[in-house]
Amino acid sequence: MQKVARPEPRRCRLVVVGVEVGGRFGAEAVQLLRLLASLALARKAHCPELRQSARCKLVVLALELGGRWSAETATLVRLLARLRSRAAPASSRGPRISAFTACWSALLSFAAARAFAASLFSLPRGGRCSDIGYFRSATLNILDAPCDLQGRSSGLIAVAAQWALAATFLELPLRTPEGKRAAAEPRPGPRIAVFVWIWVFALPRVKALCPEMCMTSTGQQWPCRYYNNGCEVGMNNNPNRSAADDLHIAVIGPYSGNIGDIMTSAEPLLAIAAQEIEDSDILPGYRIHAHLADSGCSEAGGTSAAIASLIRGPKKHAILGDCCSQSCAAINDAMQLFNVLQISPGCDSPSLSDRERFPYFTRMSPSDRYKVIAIYEIMKMLNVHRVSTISGPIYTEGAKAFFHELIKRDLDNGTYPWTILSDASIGFGSKGDYEMVADTLKKRDSRINMMALPEFVGLPLLCEFHRRGLLPPDYVWFVAAFDNWIPNITASFAGTPGCPCTAEQLHTVSYGLIVSGRGPIQATSDVHSLSGRRLADLSEQYNRECQSFGGGQGSCNALWSGYFYDGLWHFASILHTYLVEQNHSIADLATPSSRLALYELSLRQDYMGLTGPVRQFNSIEPTTTPPSFGDRDGLMLLRQMAGPIGNEFVEVARRTSAATDWLADLRWSPLDSTKMIACSGGTCDLESAWIPRDRIEQCPAGSVFSIELGCVACTPGRYADTNMTECSSCGIGTFANETGQADCTPCSPGSFNNALGAESCELCGQGFFANTSGASLCRKCDFDTYASEKGLMSCFACPPGTTTGFTGAVDVEACQCKGELWDGVCVVCTGDTRFEDGQCVSCSRGLVCDGSKEPMLAEGYWAAADNPFSVYQCVPYEYCPGGLPGQCNGGRIGTPCADCPPGQSWQTDVCADCTPFSVAGWLVAGLVAALGIPAAYYFMNTKQTSKATTMLATSCGVGMTINMLQSIGIVGFISFSWPPALQGLFNLMGILTLDLQAIGFDCVSSNPVLGYVSITSALPAALTWLLVFSFLSKLLPSKFRVEVSKMLSTMGQFFQVSFTIYSKIALSPMMCYTHPNGKSGLLENNGIFCFESPEHTRMFIAGLCTIALLASFYSTALWATIRAPKYAAAGNASFMAATRFLLFRFRTDSWWFGTFMLPRGLCLSMSIVLAADNPYIQMILIISVILTYMLVQLITWPWKLPALNAFDAIVSSAMLMMMAILGAFAPELDDVLKEQLTDFVIGIVMFLNCVVVIMLCVAAFGLVRLNTMGGSNENWLLALGAIPAPRILSQKLLLLANKLKDLEQEGTAQIMSNLSVYDLRMTNLILTAIGSEEQEQEQEQEQEQEQEQEQEQEQEQEQEQEQEQEQEQEQEQEQEQEQEQEQEQEQEQEQEQEQEQEQEQEQAGEPLLRITKTAHPLKPPYVVDEETKEAESDEADEDSAEGDDSHTSEAIHSASYCVCMQENVAYI
């Protein structure tokens, strides 16, 4: 039980408590009941004024919300008023009773309304109500009420009031406070009754509304300025207002409380404003009085100050107050019953703009919305998208809510992408709240944060930020200022309870913090629109007067005081409009209509004030919840903590709705001066600035960036390397069993996983293993191994000599003998061996050995099923598939897969049945051949074929092409395992090489001997048939008769075309290769074994006969080649016609080339025979043959047509390139052959070195002789032969020139037309070279003559000088003699010129050659002149004769020229 102190005598207190309908009691009500009980027990010891009372009674009064009272309530109030006025004189007793009745009725009505509102909002009884300023409690204590009861109360009256509640709900008539019956008409809305308990004591005495002692800047107590003046602001009265009516304005503000002593620092400006108004022309006939009252910055203090101001002293017409939002709300509630207008100089809570709650509230200070708008604009300027918001006590929630509304508007309109990372409300704050907010911001990487916090909450929170490393410039704080964010704030809070950081730490973490708050006093040259004074003058006067307080220790506050000055002038302006301009009387004030009129006038004000532009309005964008009314658009000051401790804040900008004026640079780091934004010029330079980022530069490995959450650690089973935008699942074979992994861990050997995003790995089961890390699957144990445990990285090996026979064995029992059992012994063959009769033997070529006794053949090899180890090699290899013995591809049969079954032939890749057309085709081919041979004779001996032109080029080109294709077919016999595509190509070439299988002879006869003999007999048969046809042609007309010479040429042509292929056919029985079993088989018929099969003997004999035939032909061709020059010189036309096939295609100086090229095909076939079992040697021999032929052809350039020479060289080059590429298919060489090839290469290198040595010796010899390179005296070794003697050649050339001169031009042209292309070109070069040399000799002779003349002239000049010196007197005579000599010389020169002209005339005519100068790379070259060119261009292409005569003529011309070139005869 609380002990109650003895009250002083004659002091009473009126206590009003509220109880909600339904029985809920307020805390004051409960306390009152307990107090009454204690008084009843201790009445004798306490409250002597109650001892005379016989009883204490509880009076229950009923008041309906809206103003209707019960009769008992009205009666009680009147009785109390009478008791209060009992001691007054009779003349004034009535008015006093009326005054007290009106006063107390208002108090009770107000208390009932507050109690009811508290009930509706479920606010706590007796404790702190909502911090937004609605109510502080449901109890109203009125201290020092202006009532003085004379004497003691006669007791307490108890009256039951249950009927009042019933009357309220049943709409029974009640009485008004005046005792009259109230109207019973229904009212909208529910009928609610509120019960009020009243305990009546003696009321206290009156005390002043402003404090007696005020605080200086040093914290000392000093008598307040206006306490002794009745709390009225003093001023000097203007005599012009002597008869003025007084207008009283209550100025309510805190002299104490949580924002400090604001009023003491504001008093000087209030006095200045009051005096300026008094001295101005405004409000003529009226005088304004400012009455001060202390609110203590609390609800209760504000309510008490407001009611006391209104009921004490002179009648108040307006209220200027307060500075604290909760106090403003309480004052507003009290003003509702007095109909006066309230204007707040400093309350900035957005909740006060709610017109439903505060219908007539206006303010001079911009609301917190404008603090938030400034921060919002800066964040958008810095391109911030991610932000967190933090609010503190309840009165800061409005600012944060408005910031969210701005963001929501941008998001809804799609104009700016915001992300709210965190939204925290921490009230008055606790250590746990601070830690929670700091951890959340760090976790979500919230770099930019908006805090609507007072300093006593913000500094402890910043301390927690410092402890977690959330430091600038990486983290930036924006504060919507509440309370005292003032200089020296870091030192003031350092080390205080709840803030364990030092001042330096607080200064470090808050560096760059931007505070947005109300604008201060403007010390500019602008003029105050109402007072007419310069703002700078006002600021200077204020600073001077405020500092003079307290003996020069007065406190000045530029952030608050200016709003009191503007507020007092604001009231004067709207009262002037209402009273003077609108002609209202002072009696009209304090009425509902005047309050509304003054409110509307206030909203229309727009002027320049001491705190910046003043403009009040009833709306704000965006529309807020609740809507904004009575707000001010003013100046906001932006300050940044960028200064030292004690003077931390730097004013960086001032913001109005029109623009933001930047005053200083924005700095973000105390250590790095480059991290700043240059704004001191009035605007911010963002292009070259360092701008804080709203997100981390790069998340650490193991995390990825999220717009909402910052760096988010990857969950188990996922990972993230640096610069990855999202976590990736661990791949198969890896896992991550923790969060925040930079990479995944590979499964250890013996474990695996085969799923993405695994958090662990599984052990390999029995029979499986994983020998590497990061395995996605376990492998089965191989043969010969087993795994009897889980998680093995390798399987256990079976005991020696045993094997599992399968994979995945799980125990050692699965290991069995892996070889063959022989007499109970396990024989295991390893490597390239096989089991046979209880022992391991080496595996022969063609067998695939794995140690078992079952034979398996490699592809391309064959063995009979009854003799599986006797292996044959198949050519081509695709005939035999390998595998088990006895298998063939394509239905082939025989050994080894050599034949097709009877009645079938090989068709590409399968044996196919023969058709009737197969045999008929051979018959047709024979008939065509029989007719084609005579036709070929006539074709090759027509007059068109005699021209060495297009027909020559075509026939020779076709011949070279056929020869090339036949050579390719021979290359196909190299013992390589060709790929299928190449084998098919070589099979196709087999048609030209008369391969019997390729041309389907199996359908005629399956006997290989018959086929071979048929092919070898084809050429002799064709020659015999041509011979027979020659005899038969005698029966034909003469022009169709076969001539012997031409027949012999045709036979030679047949031999020449078929020489290559018949060389191959003749050598076919000798093309044997060795099978793995030691037998030798023919390449073209694997089933015939060399020198074993009887078929081979017959074929061998037929081949020898064919070789003999070819040798006889070649011997004949060789003889003809040797004798050709002699017979040609003798003019033997028959011989030349018979050997035309051998000579006519080549140049006359290379007539032997046809004989040279015949054995090329024979040499190619011999390459296959000589190295049948060494395919690589075969390839080298073939390359050697082709290379030798190409070298000779390139050196001699034998073909008549240059195009044929080029074509022949290209074909040879292509063949060499083809052979080089085909070397890639060569089989593996044995070591012996490799050594032999190595020695051969070394020999080639040594030969090349010898050649180099020889060339060096020749070069040294050339240094001794010093001959002209390529000249007539060149060494025979370098010239590759003897050099013709120049003197002999000159004799022959002169003799030839005389002969040609006799033939004249037409004869010479006819001779030139018989020359070949090469001879014509050579003749042209010879003439050019001779002409060039002759011209050089002429030039040398001319130069010698000129030198002789110059020497003669010099001698003459010397003689003249000597004569002049010796005989000066005889000069005239000498001159005459000289003149005579000159005349004689002229005559001589004229005679010489005449002689030269006569010689030219004698030599005149039509010269064969005239040398003219042209371009040549070595000497001044000369070519035949235009006449000669015309002679060369007059060649005719007509035939010299018809029929046989043309051949004879051509042969004679060619032979005669040949003799000329060979025997060096100087005549034609």
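Quick caveat: nothing in here was measured; it's all calculated off a predicted structure.
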Give the intermediate values and the outcome of side chain to side chain contact (heavy atoms under 4.5 Å, CB included) for residues L1027 and M1051. CA-CA 9 Å; L1027 179 62; M1051 289 181 175; 3.9 Å; yes
Y1114 and L1110: side chain to side chain contact (heavy atoms under 4.5 Å, CB included), yes or no, with the steps? CA-CA 6 Å; Y1114 188 75; L1110 295 176; over 6 Å; no
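Under the 4.5 Å side-chain criterion, counting only non-hydrogen atoms from C-beta, V1245 is in contact with N1249. Inter-residue side-chain proximity for L1019 and F1113 is flagged as unmet; no heavy-atom pair is nearer than 4.5 Å. When side chains are defined from C-beta on, V1192 does not count as touching M1157, because their heavy atoms never get closer than 4.5 Å. At a threshold of 4.5 Å between non-hydrogen side-chain atoms, the residues Y1189 and M1215 do not count as touching. Here the side chains of P1125 and W1151 are in contact, with some heavy-atom distance below 4.5 Å.
Within the structure, side chain to side chain donor-acceptor pair (under 3.5 Å) contacts touching residues 1153-1162 (residues at least two apart or in different chains) are N963-R1160, T1121-T1155.
Relative orientation of the F1156 and F1153 rings is tilted, given thresholds of 30° and 60° on the angle between their planes.
Looking at residues two or more places apart in sequence or on another chain, you find a side-chain hydrogen bond (donor to acceptor under 3.5 Å, both in side chains) between T1050 and N941.
A distance-only check finds no donor-acceptor pair linking the side chain of S1049 to the backbone of S1045 [under 3.5 Å]. Of the possible polar contacts, one joining the S1112 side chain to the L1109 backbone as a donor-acceptor pair under 3.5 Å is found.
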